[in-house]
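Quick notes on the structure that follows.
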Amino acid sequence: MHDTHEPELLETKLFAPRVRHATVPREQLLNRLDDGVRRTLTVIAAPAGFGKTTLLATWLQRTCRSVAWVSLDRDDNDARLFWTYVMTALQRVDSELGVRALPALGNTGAPPSRSALTRLINDIAGRQVACTLVLDDFHVIDDRNVLTSVEYLLENAPQNLHIILASRADPPLPLARLRGRGELLDLRAADLRFRNDEVAAFVQAQIGVELSNDDIAALEQRTEGWIAGLQLAALSLRDRAEPSEFIATFAGDDRYIIDYLVEEVLERQPPETRDFLLRTAILERMCGSLCDALAGDDRDNGQAMLEALERGNVFLTAVDDERHWYRYHQLFADVLRAHAARHYPDLLPTWHRRASGWLAAEGLRDEAIRHA
């Protein structure tokens, strides 16, 4: 028996966020988004605070395309609710879209019927309007029924539909296949990070202070262009009579940085991942076998953990093309080390000793000495 009760929708999830006046123009990225609509899918995947949503909201103000927007949350791991939001958003673009598909969605919690998705795709293909569907915070979606149905939409999307996924992690979808067909635009943290001129414009817009070229370069180097990090630095700069002195010492012990990274990143990880992050934070660079050595209990999942963290965009970067060596973002590493020192002071000497032993055995003498 079908559950005919229609879920009540939260209307604010269907509106794009407002763009703040102090937004730095990012013409190159906006042009790439313009070009991306010729393809099936755009994926914007980067850690928290890299300006994904702001970039999209800015692009919305200038695009001539009709855009359907859904801000996702954990409750949307129910397929019927997910597709009800999507079809309702599309109906704001064209009232006929999804009219035939909505009644065929099926029960709450059940996978959407193939006929419902086919009707939706046919409805879009049969209309003249060129439409973009934005699914913001797609990283919250992990339900297999929802992901399979999104994959079906991607595989069969009509030419007048473009889909944009904004996510903190790589979406578990057939991206390689779409990339191989030339149907995917990929924007990553490396694309979103602020460069020196953008750092200068951002600080000027935030607090009305012009910094010297040296200070701008130091701030860009310390934050690695991380936009939220720059915003948090700007908050601290407001209270400083000497900006240069603060920038010279700016690190992960700034109270705003700590609060943000602990709340937005560290506390959201499962216990095993959180322990791995705190244990390996002592390392300037790391590989799977070195991480295993730090655990000291015959674990052999270090490489898998590093690859999972990279896919999840947890402030981890590969430092070689083979993805053998990795490092944490500087400010994130600072926060992790402070956290580890506070929660595991008795274990730190053991971790350093294990790291030193592994590095010495590999002939990496300088790094071994530093840990010793």
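Along the sequence shown, residues carry numbers from 1. For the numbers below, each heavy atom of this structure counts, side chains included, while hydrogens, waters and symmetry mates do not. Being a predicted model, the structure only gives us computed values, none of them experimental.
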More than 12 heavy atoms of other groups within 6.0 Å of Arg62 CZ: yes

Which residues pass the salt bridge (Lys or Arg N to Asp or Glu O under 4.0 Å) test with [X], sequence neighbours left out?
X: Arg179; answer: Asp186
X: Glu264; answer: Arg168, Arg268
X: Asp76; answer: Lys13
X: Arg195; answer: none

Candidate pair Tyr152 and Ile121, rule side-chain contact (heavy atoms from CB on, under 4.5 Å), full reasoning: CA-CA 10 Å; Tyr152 181 77; Ile121 292 166; 3.9 Å; yes

Pair Arg193 + Glu220, salt bridge at N-O below 4.0 Å: yes

Ion pair Glu310/Arg188, N-O distance below 4.0 Å: no

Checking [X] now: which residues fulfil side chain to side chain donor-acceptor pair (under 3.5 Å) with it, not counting sequence neighbours?
X: Arg38; answer: Asp35
X: Arg119; answer: none
X: Asp123; answer: Arg100
X: Thr88; answer: none

Fellow cluster residues of Phe15, listed by chain then number, with links counted only when side-chain atoms sit under 4.5 Å apart: none

Remaining members of hydrophobic cluster (4.5 Å side-chain criterion), Val129: Val93

Aromatic plane relationship, Phe332 with Tyr328 - under 30° parallel, 30 to 60° tilted, over 60° perpendicular: perpendicular

Residues in ring pair (Phe, Tyr, Trp, His ring centres under 6.0 Å) contact with Trp351, at least two apart in sequence or another chain: Tyr344

Residues that His139 engages under ring pair (Phe, Tyr, Trp, His ring centres under 6.0 Å), provided they are two or more places apart: none

ring-ring contact (aromatic ring centres under 6.0 Å, His included) between Phe315 and Trp226, intermediate numbers included: CA-CA 10 Å; Phe315 290 92; Trp226 176 41; 5.2 Å; yes

N/O donor-acceptor pair under 3.5 Å between Arg311 side chain and Asp170 backbone: no

